[in-house]
Amino acid sequence: MPDGGFAYSHLFAKDLPPPAPRWTGFPKYNFIGGHNDPARIPAAALAEAATAVLRRRGADLALYNFDGPQGYRGLRQLVVDKVAQRPAIKCTLDDVLITSGSGQAIDLVNGLLLERGDTVILEEFTYGGALTKLKRLGVNIIGAPLDDEGLKIDGLARIIEDLGHKGIVPKYVYTIPTVQNPTGSILPSRRREELLALTRKHGVPVFEDECYADLTWDGAGPPSLFAIDPQQVIHIGSFSKTLAPSLRLGYAVADPQVMSRLVACKREADSGTGALDQMVVAEYFSRNFGEHVGGLTQTLHGKLDTMVEAVEREFGTAVEKMWYPKGGIFLWLKLPDRVDVTKLLAPAAKAGIAFNPGPEWSCNPGESKSHLRLCFALPSKDDIRAGVAAFARVCFEETGVPEQSANIRRAATPG
Ligand SMILES: Cc1ncc(COP(=O)(O)O)c(C=O)c1O
């Protein structure tokens with residue numbers, strides 16, 4: 001369509017994101033976002049599930065929200081059963097809200113609690129999507145320190161106390177305790193108790209995002225924060241990582257006073273989450289959850305090992321720190337300070353490589369210029385090997401790092 005037929009530009013709202021470039025397809029070596037493994041999508045079983053539910057309940061699609069505004073009962077029951085097993089949450093159908101991806105659950109919780117100028121505490125490295133949403137809302141974001149086990153409670157205590165001296169009570173602490181994004185840590189039980197005791201003392205709710213909690217290498221992690229304190233914690237999860245992100249299904253679990261508000265906000269935001277997707281996932285997962293997630297986790301662990309080997313081979317000692325994740329789909333790395341990964345984005349894209357630059361996953365972007373995140377779920381093992389090798393080549397050409405790959409000293413002059 002030709003540009004310029006109608007003068008819109010002065011009508012657009014202020015502070016919009018920049019216009020999206022025309023989509024030209026996925027890169028050859030795609031290490032970004034949270035895509036899943038295409039070989040693990042159970043397409044035939046999903047087709048059977050769709051046929052079965054459409055035969056049984058197809059006529060109900062005539063109604064908006066045919067099982068009420070909290071979503072399809074079958075899927076809410078699945079969430080109740082699933083969270084009872086893994087993070088040990090006891091809840092009922094009324095405590096669960098199905099959302100269009102857990103991203104929508106984040107929007108709803110933000111809508112419920114935040115106003116421009118409010119302060120929130122996140123983990124110093126965190127989910128980039130959560131950061132983008134908060135920046136758009138004009139909220140002050142403070143990063144709390146992490147170590148290899150997750151949130152450092154003494155560091156968090158100092159932040160809350162310092163804010164208290166200025167008369168500020170943060171609106172929430174957002175945390176990804178089980179398979180933290182991007183570092184892959186699992187917060188130990190003791191720290192979970194300490195986190196809740198600390199935040200309770202200061203009247204701060206905890207916003208728990210358990211997007212990856214089902215995908216751990218060594219079985220279930222400790223009980224979720226919600227399981228320990230269902231009043232103080234708002235819990236969200238997703239079917240994007242356990243099944244398929246394109247289905248756009250997530251959920252929130254919350255105490256009735258929060259839930260009734262979330263449901264009201266969702267009713268204003270949309271006319272329900274896609275019912276067919278909910279029915280298909282409930283039908284498939286009510287029989288296959290354990291088997292599916294077990295197989296997927298094994299595949300992901302194998303791909304992680306391939307990626308770690310590739311990074312060690314191609315980058316060697318140029319990797320200053322590698323966070324070996326305890327589950328999930330991401331590897332988080334730190335290169336030497338002189339490597340500014342944001343300057344690698346364009347040349348990497350030219351070579352068909354996409355990766356997530358550290359600053360977008362950090363509350364302190366200026367201090368994370370040499371960090372990066374690689375997703376290993378989508379590419380095949382061959383593409384992981386070839387893509388990491390190609391990325392090391394680009395990195396060397398731009399920065400002189402790594403000087404050595406696969407035990408061979410690089411000869412080209414850095415440009
Ligand atoms: C920690 C975390 N929370 C939430 C989301 C949103 O996922 P979705 O909206 O697909 O459920 C993501 C996506 O990558 C994530 O990493």
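Hydrogens, waters and symmetry mates play no part in the numbers below; they use all other heavy atoms, side chains included. Counting from 1, the numbers follow the sequence of the chain as shown. Every number for a ligand or one of its atoms is a count from 1 in the order of the listing.
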Heavy atoms only: which of Gly129, Gly33, Ser102, Gly34 is nearest to atom 4 (C) of ligand 1?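 Answer by nearest heavy atom: Ser102.
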
Quick one: which ligand 1 atoms are inside 4.0 Å of a heavy atom on [X]?
X: Ile176; answer: 1 (C)
X: Gly101; answer: 9 (O), 11 (O)
X: Arg248; answer: 8 (P), 9 (O), 10 (O)

Regarding ligand 1, does [X] bring an N or O atom to under 3.5 Å of one of the ligand's N or O atoms?
X: Ser240; answer: yes
X: Ser238; answer: yes
X: Lys241; answer: yes

Tyr212 and ligand 1 - part of the residue with a heavy-atom distance under 4.0 Å: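 For Tyr212, only side-chain atoms sit under 4.0 Å from ligand 1.
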
Can you tell me if Arg200 uses its side chain to pair, donor with acceptor, with the backbone of Gln232 under 3.5 Å?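 Between the backbone of Gln232 and the side chain of Arg200 there is no qualifying donor-acceptor contact (under 3.5 Å).
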
Compute the minimum heavy-atom distance from Gly250 to ligand 1 and say whether it is under 4.0 Å. no

Are the aromatic rings of Tyr174 and Tyr127 close, with centres under 6.0 Å apart?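 So the answer is no for these two rings.
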
So, for Phe355 and Phe31, is the gap between ring centers shorter than 6.0 Å?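 Judged by ring-centre distance (under 6.0 Å), Phe355 and Phe31 do not meet the cut-off.
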
Could you verify whether a donor N or O on one side chain and an acceptor N or O on the other, from [X] and [Y], lie under 3.5 Å apart?
X: Thr216; Y: Arg86; value: yes
X: Asp81; Y: Gln77; value: yes
X: Gln180; Y: Ser185; value: no

Could Lys321 and Trp323 be counted as a cation-pi pair, given that NZ or CZ must be under 6.0 Å from the ring centre and within 45° of the axis?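 Output yes; distance and angle both within limits.
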
Who's the nearest protein heavy-atom neighbour of atom 3 (N) of ligand 1, and how far? Asp209 OD2, 2.6 Å

